[in-house]
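Each chain gets a letter, A, B and so on, in the order its sequence line appears, and its residues count up from 1. Values reported hereafter were calculated over all heavy atoms of this structure, with side chains retained and with hydrogens, waters and symmetry mates removed.
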Amino acid sequence: MTHRKGKEGAFLFLAPALLILAGITLYPLLHVFRLSLHRRLLIFDISRFVGPENYLYLLGDTRFRNALGNTIYFTVLSVLLELLFGLAIALLLNRHFRGKGLMRTIILIPWAIPTVVSARMWEWLYNPDFGLLNHLLGFRINWLGSPFLALNAAVAMDVWKTTPFVALLLTAGLQTIPRDLYGAARIDGAGPWTLFRKITLPLLMPVILVVLLFRTLDAFRVFDAVYVLTGGGPANSTETLSIYAYKILFQTLQFGYGSAISVMVFLCVGLFTLLFIPLLRRRKV
Amino acid sequence: MTEIGFHSLCKKFKKTSVIDDLNLTIENREFFTFVGPSGCGKSTILNMVAGLESITSGMITFDGHSIDGLPPGERDIAMVFQSYALYPHMTVRENLAFPLSVRKVPSADRQREVEKIAALLALTPFLSRLPRELSGGQRQRVALGRALIRKPKVFLMDEPLSNLDAKLRIEMRTELKRLHREFPVTTIYVTHDQEEAMALSDRIALLHEGALRQCGPPQEVYAAPANLFSAGFIGSPPMNFIEGTLLLDLPFLASRLAEYRNQPFIAGIRPTDLRITGEKRENTLSGRVLFLETTGETTWIDLEWRGNRIRGKTGPVRRTARDETAYFTIPPEKLHLFDKSSGERLW
Ligand SMILES: Nc1ncnc2c1ncn2[C@@H]1O[C@H](COP(=O)(O)OP(=O)(O)O)[C@@H](O)[C@H]1O
Ligand SMILES: [Mg+2]
């Protein structure tokens with residue numbers, strides 16, 4: 001009897017949080033899903049149930065496929081580079097040197113700048129006529145004007161901006177590795193490379209996986225960084241799924257089809273998370 | 001097969017001196033212990049021998065050759081850490097094999113050595129477990145095994161027993177002695193526990209505030225502490241100290257004490273040497289009982305005597321209560337005398 005009461009009590013305590021979560025995430029999610037099954041065009045005042053029609057249309061939509069490709073390219077390349085640079089910086093910051101505290105602070109600056117501001121900043125850096133980049137290189141390259149360069153330019157900006165965050169998390173991870181382990185391994189005969197491969201990397205893996213999960217989910221939904229920098233152009237070459245969904249939803253007001261694209265983003269991210277969670281569990285040392 | 005020499009060894013962290021001019025030779029195959037209170041620089045010495053910590057000045061030699069500049073992996077040493085420093089992501093087998101696999105020992109030999117060392121330390125049933133799935137004592141044995149497996153020239157142990165419970169600690173002492181007999185390798189052991197140091201070592205070195213206070217076989221240090229620090233640190237319960245002025249020549253006092261006549265000094269007497277009785281006899285002194293502590297075999301009694309608090313020993317059956325008067329004798333031949341200002345032993 002008292003046991004039951006305890007359980008009910010627990011539920012009562014959780015209820016407010018659950019209600020809020022349901023209100024701000026579950027309800028909108030279900031609503032978007034419902035919308036995606038409708039053909040709803042605000043300008044023509046059309047709204048009718050069409051079942052899976054929007055999804056069937058998605059399958060043949062080359063612009064959707066282009067956006068999906070761009071998103072995957074952006075995600076894979078930027079997360080990979082951020083992890084590499086972040087790890088390198090974290091390893092450097094984990095050593096003892098003069099001015100280490102100052103260095104840590106300085107390195108965080110790119111991350112502290114609002115995305116929209118840094119996107120504008122990079123837009124100017126990339127400017128073909130007045131940009132610092134061309135000035136330094138002595139070329140006249142239209143960085144944001146060529147389809148191939150533009151997406152990579154967006155990746156570069158994201159790497160610049162987010163590497164500090166990755167480095168910060170990895171530095172925290174490195175600090176949890178006991179110093180004695182390095183002493184023991186050095187006495188056992190391990191050189192720097194063996195230390196890194198046999199001690200640092202495996203013990204940092206749980207943090208690396210968390211970073212990977214965070215960053216992949218973030219990068220997959222990238223919007224403001226790229227949208228402010230290029231607006232999705234030139235010729236949709238930098239259009240990511242979020243930008244495509246935004247344009248369909250709020251520029252052409254096709255709420256049904258836009259919702260279907262959003263649901264696809266959600267499914268991709270959800271699938272990725274589901275694949276990741278067992279890895280995180282297994283890796284707990 | 002290594003003799004270790006410390007030559008004018010100094011270590012400073014920034015401006016703070018931790019080790020100041022250490023000169024010492026550790027014999028081949030010796031079990032040598034640095035003992036001293038926490039923070040006196042014991043781990044720092046070991047880390048310098050291991051090459052994990054730099055030397056500020058002076059030199060450490062193995063068989064007369066300086067090891068300065070040799071990386072830890074090339075000194076042919078093995079070390080057991082207080083934290084054990086087992087690799088948490090590797091199984092016991094992988095932990096034991098690590099020093100061999102790093103040195104590219106062929107897999108078959110590695111396998112054989114691991115089996116051998118595991119059998120020696122009763123670790124065979126746990127070979128595929130992770131360190132976190134082991135008890136404290138088992139982890140300790142894995143750490144020992146990882147150090148033993150390479151058959152190093154020098155063995156370093158930094159408080160290896162201090163994370164174990166009292167009973168296990170005594171068991172492991174015996175185990176360590178057995179291992180040292182089986183692998184008679186020059187061993188430097190570090191502990192803050194003087195009893196452990198006495199029980200294990202061929203020789204002990206007392207460290208205090210970065211300086212060597214006394215060095216010698218345990219019995220010698222116990223029987224003739226060279227100074228007040230040594231007298232107070234070695235022996236449990238610790239020695240009683242009584243301040244006074246040397247007034248008359250006792251017949252047993254060596255004539256060299258004559259020059260200390262009328263000078264302040266400190267007399268030391270170990271509680272085990274101070275016999276407490278219930279009745280007044282010839283040559284007994286009397287004091288008020290402050291405190292009693294029974295350990296079963298003996299009863300320790302704290303007495304107040306002329307403003308000093310002194311501890312003495314009595315048999316198990318003695319019945320005394322607080323505030324009663326008790327009588328005690330100080331056997332003169334058990335007395336230690338120290339200079340009050342320098343703390344050095346006089347007699
Ligand atoms: N890396 C370091 N930087 C500054 N001071 C240190 C460092 N390592 C040890 N010390 C200081 O040196 C002294 C001796 O330390 P340690 O050798 O660890 O003592 P013990 O092992 O005898 O307890 C301590 O006062 C400690 O604070
Ligand atoms: Mg220590």
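- Of the two parts of B/Phe81, only the side chain, counted from C-beta on, holds a non-hydrogen atom closer than 4.5 Å to a non-hydrogen atom of chain A.
- Between chain A and the options B/Leu52, B/Val80, B/Asn47, B/Leu156, the largest number of non-hydrogen pairs under 4.5 Å is found for B/Leu52.
- Of all the heavy atoms in B/Arg146 and A/Ala184, the pair that sits closest is NH2-CB, 3.6 Å.
- Here CG of A/Asp188 is found 11.5 Å from CE of B/Met79. Values are rounded to the nearest 0.5 Å.
- With respect to chain A, the highest number of heavy-atom pairs below 4.5 Å among B/Pro99, B/Ser83, B/Ala50 belongs to B/Pro99.
- With sequence neighbours left out, B/Tyr189 forms a ring-ring contact (aromatic ring centres under 6.0 Å, His included) with B/Phe31.
- Remark: A/Phe148 CZ is loosely packed, at most 12 non-hydrogen atoms of other residues, nucleotides or ligands lying under 6.0 Å away.
- By the neighbour-count criterion of 12 heavy atoms within 6.0 Å, atom CZ of A/Arg179 is sparsely surrounded, having that number or fewer from other residues, nucleotides or ligands.
- Within a 6.0 Å sphere centred on CZ of A/Phe223, heavy atoms belonging to other residues, nucleotides or ligands number more than 12.
- Heavy atoms closer than 4.5 Å to chain A are found in the backbone of B/Leu86, but not in its side chain.
- In the displayed structure, B/Phe13 atom CZ is contacted under 6.0 Å by more than 12 heavy atoms of other residues, nucleotides or ligands.
- Atom CE of A/Met103 has 12 or fewer neighbouring heavy atoms from other residues, nucleotides or ligands inside a 6.0 Å radius.
- Expressed to the nearest 0.5 Å, how far NZ of A/Lys198 lies from CD of B/Glu94 amounts to 8.5 Å.
- The distance from the CZ atom of B/Phe98 to the OG1 atom of A/Thr194 is 7.0 Å, given to the nearest 0.5 Å.
- Side-chain atoms of A/Asp180 and B/Gln82, non-hydrogen and from C-beta on, never get closer than 4.5 Å to each other.
- Rounding to the nearest 0.5 Å gives a distance of 5.0 Å between CD1 of A/Ile199 and NE2 of B/His89.
- Residue A/Ile187 holds its CD1 atom at 12.0 Å from CG of B/Asp76, rounded to the nearest 0.5 Å.
- The environment of OH in A/Tyr182 is crowded: more than 12 heavy-atom neighbours from other residues, nucleotides or ligands sit within 6.0 Å.
- Annotation: A/Lys100, atom NZ; neighbour count of heavy atoms from other residues, nucleotides and ligands within 6.0 Å is above 12.
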